[in-house]
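One structure below.
The first residue in the sequence is number 1, and the count goes up from there.
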Amino acid sequence: MSSTFRNYVDGAFADAADGRTLDVVDPTTGDVYATSPLSGAADVDAAMAAAAAAFPVWRDATPSVRQRALLRIADAMEARAEELVAAESRDTGKPLHLTLSEELGPAIDQVRFFAGAARMLEGRSAGEYMEGMTSIVRREPVGVCAQVAPWNYPLLMAVWKFAPALAAGNAVVLKPSDTTPASTVLLAEIIGGVLEELGLPKGIFNVVCGDRETGRLMVEHPTPAMASITGSVRAGIQVAQSAAKDVKRVHLELGGKAPAVVFEDADLAKAVEDLVVGGFFNAGQDCTAATRVLVHESVHDEFVAALAKAAAETRTGLPDDEDVLFGPLNNANQLAQVSGFVERLPEHARVEAGGHRVGDKGYFYAPTVVSGLRQDDEIVQNEVFGPVMTVQSFTDEDQAVAYANGVDYALASSVWTKDHARAMRMSRKLDFGCVWINSHMALVAEMPHGGFKQSGYGKDLSAYGFEDYTRIKHVMTSL
C-alpha cells in the first residue's frame, strides 16, 4: 500500500494545484512506496501568501507566547516519537534505534533550546552617544523565510530551519528534499495542531514539497526576506545567485570535507573507535563526517591497519537491525556517485576495506577505507558523501595544517593529540568553522554550527544561529 504526502499551507493539507506528483523511494529496496506533490508556482504563491498574512500577528506576539508554542511543539514531537522515527527511517533507511537516540532526541532538545532563546531576544540598552540624543537598538524578525532542507537529516534539518525562525518571530515556508518528505509533512501536522490549539495563525508554518525547481521558485519569490538552505555547494551558489536578484538575505550550510588530524601521541585506539562512527554514521552522508584522516607518518601503518579492521567489522543493514551502524545511501544517484569515486581511484591508492556495494537490492555500500592518497587526488578534494574514509600520511604540524586546509570546504575538523599546546595551535590554524579535540561530530544546541569558504556562511544552532533570523534597527530620539 503506497502513501500520499501532501503540502501543508495555511493550516490545510493540499495536493499540488496542477496535480503533479513525485515518486518517493524506499532506499532499502529501491522500490516506490509513496508519492508527494511536485509543487509549482501556484503552490509556492499560496504558501507565501499564507506566511505573509500570518507574519504580522506572529511578529507582534510576545516572546512568552512564542516560547509556549515551541515548548508545546517539542512536547507534541516527543509524544509522537515513534511515528516520527518510523517516517524518517522509511524515507532514509536509517537504523530505527539510532534515529530515535541520535536524531529525534537532539531535535526535540533543540526546539526547546530555541523556545528559551525566544525570551532572550534583545537589542542594546538605551544610551546617549550624541549630545541631546538617546539611542536604542531594536532586534526584529526579518519576515517570511524560504527554507530548503536536505535529504541526509530531513527531520533534524527541518528543526534547525524552523525552530530559530519561529522563535525570532518569522513565518516559514519549508521545502523538504524531493526524496525525503515524510517526516517534514508529519511535523506540519504536529505543528499545525499546536498552533490551532493555542489559537495562533496557522500560516506561520507551511510545507511545500517538490524538486529543485520548486526550491528555485521559493527563493526567487518576491515575498521572502530571507532564503536559508542546507545542501550542496552547487545548490548554495544557485540560491545565492537567485537571492541576489532582489537582495534577499541568504543563510547557507553547504558541503564539507572534514579532516581528522591524528598525531603520534594520540590515543590511537580511541581515535579509531570514534572516527569509525565519525566517518560512517548515517552512511557518511554528513557534511561534518570524518572523511579525511591525516596521520603522522610514524604511526600511519599501525593506524591504517586498525582503522581497516574496525571498518571491516562495521555493519550496514536494515532499519530494524540493532547491530548496524548505518543504513543505505539515500538514492540511486548517490550510490552511483560514491561507487564512481572508488572506481576512479588512481593506481597509487589502496582500498584497505570495503570499496563495494552490499547486496543487489537497495542502495547499501560497505564501510570503506582508502590509503596511499595524494593531496590533489579527486577523492581527497571532492565531497564523496558516503561511507568512505581516506587516509594520508604527514611529516610534521605544518604539513598537517597544509593538507587539512588544502580543500575548498571549511565546515568541521578534529585534532587528536595529548599535547594541549599543540591542540591549541592546531585549533587556531585549522580554517574550519568547528574544531573538535580528541572527539569528532559532537553537536549541542548551545554551540554554533557552520563553516567558511565553500561550506557557506551563517550559523545553525546557538544564539548566533538565532541572531541570523533577526534584523537590527536603530531608533534615535531627540531629548
Side-chain angles (χ1 to χ4, degrees), residues 102 256-282 284 286-314 325-326 349-354 367-375 377 379-381 384 387-407 409-444 447 449 451:
E102 304 304 313
K257 196 72 188 166
V261 185
V262 181
F263 285 95
E264 66 278 8
D265 66 335
D267 180 339
L268 296 187
K270 181 182 191 302
V272 167
E273 186 180 346
D274 288 8
L275 289 175
V276 160
V277 177
F280 298 140
F281 185 83
N282 197 27
D286 189 312
C287 305
T288 66
T291 55
R292 294 186 296 142
V293 187
L294 310 176
V295 187
H296 189 268
E297 59 185 5
S298 66
V299 293
H300 173 271
D301 293 354
E302 177 190 350
F303 185 89
V304 168
L307 185 65
K309 181 175 184 290
E313 292 168 355
T314 299
L325 177 64
F326 63 92
R350 262 197 329 279
V351 177
E352 304 279 355
T368 300
V369 175
V370 184
S371 69
L373 291 160
R374 299 170 187 165
Q375 186 68 12
D377 287 334
I379 200 167
V380 168
Q381 290 295 321
V384 179
V388 179
M389 298 173 74
T390 64
V391 187
Q392 292 167 266
S393 172
F394 68 84
T395 54
D396 59 20
E397 210 172 291
D398 288 344
Q399 189 178 56
V401 170
Y403 282 172
N405 290 345
V407 295
Y409 302 94
L411 181 59
S413 59
S414 62
V415 180
W416 301 78
T417 179
K418 291 174 184 162
D419 182 334
H420 176 74
R422 173 192 273 158
M424 291 296 95
R425 288 194 302 273
M426 290 296 292
S427 64
R428 186 181 75 224
K429 292 175 183 175
L430 285 169
D431 190 16
F432 294 84
C434 174
V435 182
W436 288 291
I437 297 170
N438 296 323
S439 178
H440 196 101
M441 231 160 80
L443 293 171
V444 66
M447 289 293 117
H449 175 84

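- Within the 4.5 Å cutoff, side-chain heavy atoms of Trp416 are placed close to those of Leu275.
- Side-chain N or O atoms of Asp274 include none that pairs as donor or acceptor with a backbone N or O of Ala271 at under 3.5 Å.
- For the pair Val262 and Leu268, the minimum side-chain heavy-atom distance is below 4.5 Å.
- Side-chain contact between Val295 and Glu302 is absent, with no heavy-atom pair separated by less than 4.5 Å.
- Although no hydrogens or angles enter the test, the distance criterion places a donor-acceptor pair under 3.5 Å between the side chain of Lys270 and the main chain of Asn438.
- In this structure a side-chain-to-backbone donor-acceptor pair under 3.5 Å is present from Asp419 to Arg422.
- Side chain of His440 to backbone of Val415: no donor-acceptor contact under 3.5 angstrom is found.
- Here CD1 of Ile379 is found 12.0 Å from CE of Met389. Values are rounded to the nearest 0.5 Å.
- A donor-acceptor contact closer than 3.5 angstrom is absent between the side chains of His300 and Ser393.
- You'll find the side chain of Arg292 stays beyond 4.5 Å of the side chain of Val391, heavy atoms only.
- In this structure, Ile437 CD1 and Lys418 NZ are separated by 15.5 Å, a value rounded to the nearest 0.5 Å.
- Residues Leu307 and Val276 have side chains in contact (heavy-atom distance under 4.5 Å, counting atoms from C-beta outward).
- Within the 3.5 Å criterion, the main-chain N or O of Asn405 finds no donor-acceptor partner in the side chain of Asp431.
- Within the model, atoms OG1 of Thr417 and CG of Asp265 stand 3.5 Å from one another, a figure rounded to the nearest 0.5 Å.
- Residues Met426 and Val435 form no side-chain contact, since every pair of their non-hydrogen atoms from C-beta on lies 4.5 Å or further apart.
- Between the Gln381 side chain and the Gln375 main chain, a donor and an acceptor come within less than 3.5 Å of each other.
- In this structure, a donor-acceptor pair under 3.5 Å is present between the side chains of Glu352 and Ser371.
- Aromatic ring pairs are classed by plane angle as parallel below 30°, tilted from 30° to 60° and perpendicular above 60°; the pair Phe394 and His296 is perpendicular.
- By the 4.5 Å heavy-atom criterion applied to side chains, Asp286 and Phe280 are not counted as neighbours.
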